[in-house]
Q: 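Can you keep this structure in mind? I'll have questions shortly.
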2 protein chains.
Amino acid sequence: MKATHKRNQAERSSQTQIKLFDATLNCLQEFGYHGASLSQILKKAGVSRGAWSHHFENKLDLIAAAAEYVLNSAIETTRDWALSSGTSELSLSEIFDFIWENFYTGRHRDVWLEFNVACRTDEQLRERLEPVLAHFHASMAIAWQTYFTAKACCDSNIQTIMILTINTFRGMAIQSITQNDPHYFKQLRMEWFKIVSMLVEPKQA
Amino acid sequence: MKATHKRNQAERSSQTQIKLFDATLNCLQEFGYHGASLSQILKKAGVSRGAWSHHFENKLDLIAAAAEYVLNSAIETTRDWALSSGTSELSLSEIFDFIWENFYTGRHRDVWLEFNVACRTDEQLRERLEPVLAHFHASMAIAWQTYFTAKACCDSNIQTIMILTINTFRGMAIQSITQNDPHYFKQLRMEWFKIVSMLVEPKQA
DNA sequence: TTAAATGCATACCGATCGGTCTGTATTTAT
DNA sequence: ATAAATACAGACCGATCGGTATGCATTTAA
């Protein structure tokens, strides 16, 4: 029945690992870092305890690997999107929508929040995730400062405005935990767009 | 030796409860929502298990009460500060510094983050904390829109600019988890101040 | 074809979790 | 003074946690 009849070792490994990553991320979304127990993850993944311990040293190792998995996917998504879009056709509001919908809503928002907060009190996790989180942050910066520059009248540099933008989105992500209203946040993004439009313009080709 | 020799019931109750609140908040700061076990809290508070169960139904009840405790303190702090400051002497950057230093640094930042994130996956906690978090949010709004109004040239209303400000601070709070550099965030606040100054002016007396 | 290596399954472990039960001080009300 | 009510202490509980040890299945290399 299944298409999993003759698989080589590499396929086997990567398939069960991805099943574990996905289940880990789903559990983090559903139960939070606090409530995501190993038993729950294994149950949801349909993977045995032995298989898990064969691939990962301990629970933290799995969680960190899952974080790397989802963040690297996000980095790739950003890169692909920036490349596929016509270089001169990108508008600020399009970028805003893209970043918001891909990284600050749904599962990505949830696990991103959990990882950031968990990092604060878990030094081992922080050491593993800090470079990936920083890389993720930088990848968003690329999609931005490749195409835009600060206006002459604006005495802030373009990086500063971008960081403020990302921080605004982060804050909106937290606000959206208790206030889940896509329309409201679309409006808020538009308001932010109006302000940033005064400071930023498309780069010369 | 101790000054706890002849205390009436009310004093006893409130003293042990406050000890528990403080220990709970410290444990949340030190170990996170995930790692803050009841045993740790009781140990840090110097309170027995029996005393705890006498005052609180269960762990969540204690945590929620501690959250209410710290958030209501913050609301009070904001109110006092707004009242004590000369009504016409408040500058935007002073308000920014006040909000940042009181609510988005130190223990308050840490527990505020933990509570917000924990609320996402714990419905009971959310139901108890949502009104308090909303109240806290509103209290910051007061210190703001009492003294400032949108400039004529600005087509956003004053509440919108304030929400964007708060969200920027929230984002900076998350950023400051992995990048603890007060000077950097002071500069970022100044940049934000420059932008908001273009949109907002002191209210007429 | 066969031995080794890899992938996987289940049973099991001590530790710790939140919560409760029983009994004892201390304060309050009569 | 004394009984009731409140505040507290410590032992104890089943459940669940992350982690491991042993054995079997599958793939790979010889």
Side-chain angles (χ1 to χ4, degrees), chain A residues 1-24 27-28 30-66 118 121-125 128, chain B residues 1-24 27-28 30-66 118 121-125 128:
Chain A
M1 292 298 168
K2 294 185 186 176
T4 59
H5 214 43
K6 276 185 180 176
R7 303 175 297 168
N8 60 23
Q9 309 273 50
E11 284 172 340
R12 281 177 166 270
S13 278
S14 92
Q15 280 180 13
T16 61
Q17 287 188 34
I18 287 180
K19 273 197 287 184
L20 281 171
F21 291 159
D22 214 50
T24 301
C27 279
L28 285 171
E30 191 170 351
F31 310 114
Y33 191 86
H34 168 253
S37 76
L38 195 51
S39 306
Q40 280 277 0
I41 293 172
L42 296 177
K43 190 179 170 186
K44 191 164 284 199
V47 165
S48 75
R49 229 172 168 75
W52 159 73
S53 79
H54 178 72
H55 289 288
F56 301 94
E57 280 196 1
N58 48 34
K59 189 190 177 185
L60 189 136
D61 186 28
L62 167 60
I63 289 185
T121 49
D122 191 325
E123 198 181 334
Q124 288 189 57
L125 189 64
R128 278 195 60 171
Chain B
M1 291 298 168
K2 295 184 184 177
T4 58
H5 215 41
K6 276 186 180 177
R7 302 176 297 167
N8 60 23
Q9 310 271 51
E11 284 171 341
R12 281 177 165 269
S13 278
S14 92
Q15 281 179 13
T16 60
Q17 287 188 34
I18 287 179
K19 273 196 287 184
L20 282 171
F21 290 159
D22 214 50
T24 300
C27 279
L28 285 171
E30 191 170 352
F31 310 114
Y33 192 84
H34 168 252
S37 75
L38 196 50
S39 305
Q40 280 278 358
I41 293 171
L42 296 177
K43 189 180 171 186
K44 191 164 284 199
V47 166
S48 76
R49 229 173 168 75
W52 159 72
S53 78
H54 178 72
H55 290 288
F56 301 95
E57 281 197 0
N58 47 34
K59 190 190 175 184
L60 188 137
D61 186 28
L62 167 61
I63 290 186
T121 49
D122 191 325
E123 198 182 334
Q124 288 188 57
L125 189 65
R128 278 196 60 170

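Protein chains get the first letters and strands the later ones, always in sequence-line order, with residue 1 at the start of each.
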Q: So, do A:Leu62 and A:Leu38 sit near enough that their side-chain heavy atoms are less than 4.5 Å apart?
A: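 The answer is yes; the side chains approach within 4.5 Å.
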Q: Whether B:Arg128 and B:Asp61 form a salt bridge (side-chain N of Lys/Arg under 4.0 Å from carboxylate O of Asp/Glu) is what I want to check.
A: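 So B:Asp61 pairs with B:Arg128 through a salt bridge.
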Q: Figure out the CG/P separation between A:Asn8 and C:dA5, and round it to whole Å.
A: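 Nearest whole value for this atom pair: 19 Å.
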Q: Spell out, as yes or no, whether a donor-acceptor pair under 3.5 Å connects the side chain of B:Glu11 to the backbone of B:Asn8.
A: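 Answer holds: yes.
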Q: Show me, pair by pair, the donor-acceptor contacts under 3.5 angstrom made by side chains of residues 45-57 of chain A, not counting sequence neighbours?
A:
| residue | atom | partner | partner atom | Å |
| --- | --- | --- | --- | --- |
| A:Ser48 | OG | A:Gly50 | N | 3.4 |
| A:Ser48 | OG | A:Ala51 | N | 3.1 |
| A:Ser53 | OG | A:Gly50 | O | 3.2 |
| A:His55 | ND1 | A:Gln17 | NE2 | 3.2 |
| A:His55 | NE2 | A:Thr16 | OG1 | 3.3 |

Q: Give the rounded distance in Å between these two atoms: CD of A:Gln15 and P of D:dT27.
A: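 About 11 Å, once rounded to whole Å.
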Q: Using a 4.0 Å cut-off on protein heavy atoms (strictly under), produce a 5'-to-3' string for nucleotides 7-20 of chain D with B for base contact, S for backbone-only sugar-phosphate contact, and - for none.
A: BSBBB-----SBBB
Q: State, to 0.1 Å, how close B:Leu20 and B:Ile41 come at their nearest heavy-atom pair, and which atoms those are.
A: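 Reported closest heavy-atom pair: O-CG2, 4.3 Å.
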